[in-house]
Amino acid sequence: MNSYCTATYRCYDENADFGKKAAGIAVGLTVGSWTDLPEAKKASMQPYLGQVVDVAESRNELGERYADIRIAYPDVNFSRDIPALLVTVFGKLSMDGRIKLMDLHFSDPFLSAFSGPKFGMEGVRSLLGVHDRPLLMSIFKSVIGHDLPALREQFYKQALGGVDLIKDDEILFENPLTPLEKRVKVCMEAAKQAEETTGQKLLYAVNLTGPTSKLAEQAVKAVSLGANALLFNVLSYGFDTLRELSAHPDITVPIAAHPALAGAYYPSPYHGISASVLLGKLMRLAGADLVLFPSPYGSVVMPKEENMAIRHALLTDQPRDYLHSSGNDGEPHAGRLTLAKSFPVPSAGIHPGLVPLILRDFGQEVVVNAGGGVHGHPMGTEAGGRAFRQAIQAALSGVPLRDYASEHEELHAAIEAWGVRE
Ligand SMILES: CSCCC(=O)C(=O)COP(=O)(O)O
């Protein structure tokens with residue numbers, strides 16, 4: 001029986017016959033010359049022909065005419081990898097007028113080729129031993145041009161503040177002052193030293209950079225030197241690179257996906273790929289254990305409904321049928337598999353006064369993440385981490401931040417500096 005992956009597009013055009021447009025896509029991105037073929041040839045091409053599932057015409061709030069078009073693509077047309085799927089459903093089409101890829105549905109056979117996140121949200125929690133609250137991540141800031149002792153100092157202060165994860169800045173690449181090998185060594189030493197004081201485990205996501213052909217080797221080396229997490233700029237390398245790293249048997253640490261370049265894809269209503277596909281479905285499918293994306297509250301703002309759609313894509317159960325051999329009769333049997341959940345990490349311009357909003361929208365299934373909001377704290381980096389932990393505790397207890405701050409000086413100072421949005 002044929003199986004299909006389905007793509008939904010929003011296509012803007014004042015005059016187009018959207019039914020014709022949809023048929024053109026279904027044919028053009030699959031068998032190509034359908035209309036010119038003799039009947040016998042048409043019949044033999046049928047299994048490879050895209051199918052128009054739905055065409056729903058409407059107008060937006062500006063009065064512009066559009067249609068949501070759904071096309072099913074036969075799995076037989078493409079190999080089971082993300083590059084092949086994306087080139088099929090949105091390769092040439094991405095350049096053909098005002099059209100945006102809004103959603104993707106993966107067939108079970110396609111999905112069965114992916115293992116998804118190796119750790120996922122629960123795996124990350126288990127590594128840290130924290131299951132009853134949102135996690136807190138801080139970001140190295142002002143690291144370019146600094147040497148190893150300066151980096152170590154910054155790491156140590158962040159760790160003492162009670163954060164669960166520390167990530168490199170995504171713009172920290174291989175450099176003579178703080179090369180990855182040395183960075184991992186000094187930072188993991190600082191993590192150990194801080195743990196003696198805080199009693200808290202910590203993951204350090206070191207930025208994996210350099211030529212694509214060397215990435216796996218670099219990652220394995222980082223892990224062998226003690227790195228316990230990786231940061232990866234997924235969109236500059238491609239989803240399949242993430243999938244390879246995530247599936248690599250010797251890369252035994254969680255991978256945090258950075259959204260750098262995502263703004264070139266999702267913000268326009270007329271072009272690109274929706275945020276929930278780009279930073280939700282595809283990141284999870286490719287194996288990101290944590291996914292960073294702009295929040296609706298901070299300095300780089302994404303509309304709330306898009307944020308919630310990403311959240312849904314990262315967290316919702318996606319049971320899938322798959323075939324495996326039972327080992328007894330050698331026959332394939334249907335089983336049930338679910339991709340592990342990816343931890344949502346709404347980011348950019350986050351400060352403690354925003355924590356109640358983050359928890360309201362994401363519940364406990366979230367990593368609160370901040371760079372400037374930690375290091376820019378009036379009492380310093382360590383106090384910055386504490387202020388966030390206090391804000392999380394207040395929000396979990398249902399206590400207004402200002403009330404909680406009356407007995408917690410770090411939170412009080414953060415609120416004085418940046419205010420509260422509840
Ligand atoms: C746009 S999401 C990525 C956020 C990020 O990587 C970052 O460095 C944010 O830093 P901030 O000082 O704004 O917390």
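Read the numbers this way: they start at 1 and go in the same order the structure lists the ligands and their atoms.
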Sidechain N-carboxylate O distance under 4.0 Å for Glu57, Arg65: yes
Gly372, any N or O under 3.5 Å of ligand 1 N or O: yes
Ala348 neighbourhood, listing ligand 1 atoms whose heavy-atom distance to it stays under 4.0 Å: 1 (C), 9 (C), 13 (O)
Atoms of ligand 1 close to Ala370 [distance to a heavy atom under 4.0 angstrom, numbered from 1]: 14 (O)
Pick from His258, His375, Met302: the one approaching atom 6 (O) of ligand 1 most closely through a non-hydrogen atom: His258
Those atoms of ligand 1 less than 4.0 Å from some heavy atom in Gly371: 11 (P), 12 (O), 14 (O)
Donor on one side chain, acceptor on other, Glu170 and Asn207, under 3.5 Å: no
Flag, side chain of Arg98 to backbone of Cys11, donor-acceptor distance under 3.5 Å: no
Flag for Gln51-Arg70: side-chain donor and acceptor within less than 3.5 Å: no
Distance-only side-chain donor-acceptor flag, Tyr9 / Asp103, under 3.5 Å: no
For atom 4 (C) of ligand 1, closest protein heavy-atom neighbour: Ser347 CB, 3.6 Å
Side chain to side chain, Phe239 and Leu282, heavy atoms closer than 4.5 Å: yes
Ligand 1-proximal atoms of Pro259, by part, heavy-atom distance under 4.0 Å: side chain
Verdict with reasoning, Met283 to Val234, per side-chain contact (heavy atoms from CB on, under 4.5 Å): CA-CA 8 Å; Met283 288 292 189; Val234 177; 3.7 Å; yes
Option of least heavy-atom distance to atom 7 (C) of ligand 1 (set: Ile171, Ile139, Val374): Ile139
Closest candidate by heavy atom, reference atom 8 (O) of ligand 1, pool Glu170, Lys167, Lys141: Lys141
Contact check: Gly349 vs ligand 1, nitrogen or oxygen atoms, below 3.5 angstrom: yes
